[in-house]
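This is a predicted model, so every value here is computed, not measured. First listed ligand is number 1; within each ligand, the first listed atom is number 1.
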Amino acid sequence: MNLLKDLGIEKPLILAPMAGGPSTPQLVAAASNAGILGSLGCAYETPEHIHETIRKTKELTTKPFAVNLFAPQADPILSQSQIEAATTALALYRKELELTSTPSLKPPFSYDFEKQFEVVLKAAPAGFSFTFGLISKEHINACKSQRILTMGTATTLEEALLLEDLGVDAIVAQGVEAGGHRGLFSTETPDPLIGMLELAKSIVKNTKIPVIAAGGIMNGQDMRAALATGAQVAQMGTAFLLCDEAGTSAPYRQALTNSPSDATKLTRAFSGRIARGIENRFMREMENKKESILPFPAQNNFTRDIRNKSAQMGKSDFLSLWAGSNFSRIRKMPAKELIEVLWQEYLSN
Ligand SMILES: Cc1cc2nc3c(=O)[nH]c(=O)nc-3n(C[C@H](O)[C@H](O)[C@H](O)COP(=O)(O)O)c2cc1C
C-alpha cells in the first residue's frame with residue numbers, strides 16, 4: 001500500500017494532530033495546501049465543536065486532511081481519599097492564581113467518543129487517526145465504508161501488532177522523543193521508552209502495513225533518517241508549534257524559544273497520562289506529590305482551570321508545555337515556508 005497515493009498527498013509528511021489549541025484549522029489547511037497531510041487534534045472538543053472545526057478547515061482547503069481523536073477511555077472510579085489528596089495538592093496553586101472554586105470530580109471526564117466519531121464519519125476527511133489504544137472493528141469498517149484511511153498509534157511492537165490485527169490502514173510509530181502524550185495502550189504497565197528509529201524499524205520489519213514515524217523529527221535530515229527505517233511517511237508536531245498559524249499561546253511560545261535544549265521531561269502531572277513537555281514549576285513540584293495525581297482523564301479535567309488561568313495571566317508556570325525532546329531546533333515561520341524549507345533540506349541530503 002502506498003500511503004502518499006492513498007492519502008492523496010505530495011510529500012511524505014504529516015502535520016501531527018495537536019489537541020488543546022495548537023492545531024487550528026488555519027495551521028492544518030496551510031499544511032494540506034502545501035502538499036502534506038494536516039491533522040486536526042479534536043479530542044478535547046464537543047461533537048458540535050468538531051463539526052465547526054472541520055467546516056472551517058474545509059473552507060480553507062480542498063486538499064486532504066485528517067482528524068484525530070483519543071480512543072474511548074473508561075472513566076476511573078475515584079476514592080474519597082484520592083479526591084482529597086488531589087484537592088489538597090492543587091489548593092495552593094488555585095490560591096496563588098486566585099481561583100475561587102475547585103472543579104467537580106464527577107464523571108464523565110471526557111466527551112462521548114461515539115458522538116465525536118459520528119461527526120468525523122459524516123464529514124469523511126481523508127484520514128482518521130487515534131491514540132491511547134484500540135477502537136472497535138465496527139469503527140474501522142465504518143471508516144472504510146466512507147473511504148477514510150485509518151491510522152492507529154503504537155509505542156511498542158506489541159501495540160503495533162494489535163493495531164494491524166484490528167485492520168488499521170497505517171501505524172504511527174511514536175518514539176519516546178515525541179512531544180505531547182505517549183500513545184501507550186495501558187496506563188498500568190511500565191513505559192519501555194523506545195526511541196523513534198528503533199521502533200519504526202521493528203514495526204516495519206514485523207508488520208505488513210505502512211508505518212508513519214513520529215518523535216523528535218525537526219528538519220529535513222531527521223525526515224530522511226526517519227524514512228530510512230522503511231517508514232513511508234514522517235509525522236512532525238513540535239516543529240510546527242511556532243508557525244504563525246498555530247494556536248500556541250504566548251507564554252508557551254516563549255518557553256519553546258527560551259528554554260535550555262535539555263528542558264523536556266516526561267510527566268503525569270497535568271493529565272494523569274505520561275506526556276513529554278518542557279519542565280516548569282508545576283511539573284517539578286508535582287514530582288514530589290505523585291501520589292496525589294489522579295488517573296487520566298480525571299487529572300486532566302481537574303487541572304484545566306489552573307492551566308487556563310495560567311495562560312490568561314501569561315504565565316508558563318502551570319501550563320502544559322508539550323514539546324518533543326528536540327524542540328530547541330524549532331523554527332518560527334509560516335507553515336508553508338517551513339514545509340518548503342523542510343522539503344529542500346530533505347532533498348539536499
Ligand atoms: C502540543 C502537542 C499536542 C499533541 N496532541 C496530540 C493529539 O491530540 N493526538 C495525538 O495522537 N497525538 C498528539 N500529539 C503527539 C503527536 O501526534 C506526535 O506523536 C508528536 O508530535 C511527534 O513528536 P514531535 O513533537 O517531536 O514531532 C501531540 C503533540 C504535541 C507536541
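- Heavy-atom contacts of Thr238 reach the following atoms of ligand 1: 24 (P), 25 (O), 26 (O), 27 (O), 31 (C) (cutoff under 4.0 Å).
- Those atoms of ligand 1 with a heavy atom of Met236 less than 4.0 angstrom away are 27 (O).
- Counting heavy atoms under 4.0 Å from ligand 1, residue Thr131 touches it through the side chain alone.
- Ligand 1 is never approached by Ala43 to a heavy-atom distance shorter than 4.0 Å.
- Thr155 and Glu159 share a side-chain donor-acceptor pair at under 3.5 Å.
- The nearest protein atom to atom 21 (O) of ligand 1, hydrogens excluded, is given as Gly237 CA, 3.5 Å; this is a heavy-atom distance.
- Residues Ala269 and Met286 come closest through the heavy atom pair CB-CB, 3.6 Å.
- Leu69 is connected to Ile54 through a chain of hydrophobic side-chain contacts under 4.5 Å among Ile, Leu, Val, Met, Phe, Trp and Tyr, so both are in one cluster.
- Of the protein's non-hydrogen atoms, Gly179 O, 3.7 Å is the one closest to atom 20 (C) of ligand 1.
- Of the heavy atoms in Tyr252, only side-chain atoms (C-beta onward) come closer than 4.0 Å to ligand 1.
- In this structure, Phe132 and Phe70 have tilted ring planes: the angle between them lies in the 30° to 60° band.
- Checked against a 3.5 angstrom limit, the closest N/O atoms of Gly216 and ligand 1 fall inside it.
- Put simply, Met223 and Val341 are part of the same group of oily side chains (I, L, V, M, F, W, Y) that touch within less than 4.5 Å, one to the next.
- Those atoms of ligand 1 with a heavy atom of Gly324 less than 4.0 angstrom away are 26 (O).
- Within the structure, the closest approach of Pro17 to ligand 1 falls below 4.0 Å when heavy atoms are considered.
- Partners of Phe270 by ring-ring contact (aromatic ring centres under 6.0 Å, His included), not counting sequence neighbours, listed by chain and number: Phe282, Trp322.
- Regarding atom 2 (C) of ligand 1, its nearest protein heavy-atom neighbour is Met18 CG, 3.5 Å.
- The shortest N or O to N or O distance between Gln235 and ligand 1 is below 3.5 Å.
- The N/O atoms of Asn68, backbone and side chain alike, include one that comes under 3.5 Å of an N/O atom in ligand 1.
- Taking only nitrogen or oxygen atoms, main chain and side chain alike, Pro22 does not reach within less than 3.5 Å of ligand 1.
- Residue Leu13 is not grouped with residue Met1 when hydrophobic side chains (ILVMFWY) are merged at heavy-atom distances under 4.5 angstrom, including chains of intermediate members.
- For atom 19 (O) of ligand 1, the closest non-hydrogen atom on the protein side is Gln174 NE2, 3.1 Å.
- Judged by distance alone, with hydrogens and angles left aside, the side-chain atoms of Ser23 form a donor-acceptor pair with the main-chain N or O of Met18 at under 3.5 Å.
- With hydrogens and angles left out, the side-chain atoms of Ser271 and His181 include a donor and acceptor closer than 3.5 Å.
- Near Ala16, meaning under 4.0 Å from any of its heavy atoms, are these atoms of ligand 1: 16 (C), 17 (O), 18 (C), 21 (O).
- Between Phe70 and ligand 1 there is a heavy-atom distance shorter than 4.0 Å.
- Close contacts between ligand 1 and Gly215 involve ligand atoms 22 (C), 23 (O), 26 (O) [criterion: under 4.0 Å to a heavy atom].
- A distance below 6.0 Å separates the ring centres of Phe128 and Phe117.
- There is a side-chain donor-acceptor pair under 3.5 Å between Arg307 and Asn300.
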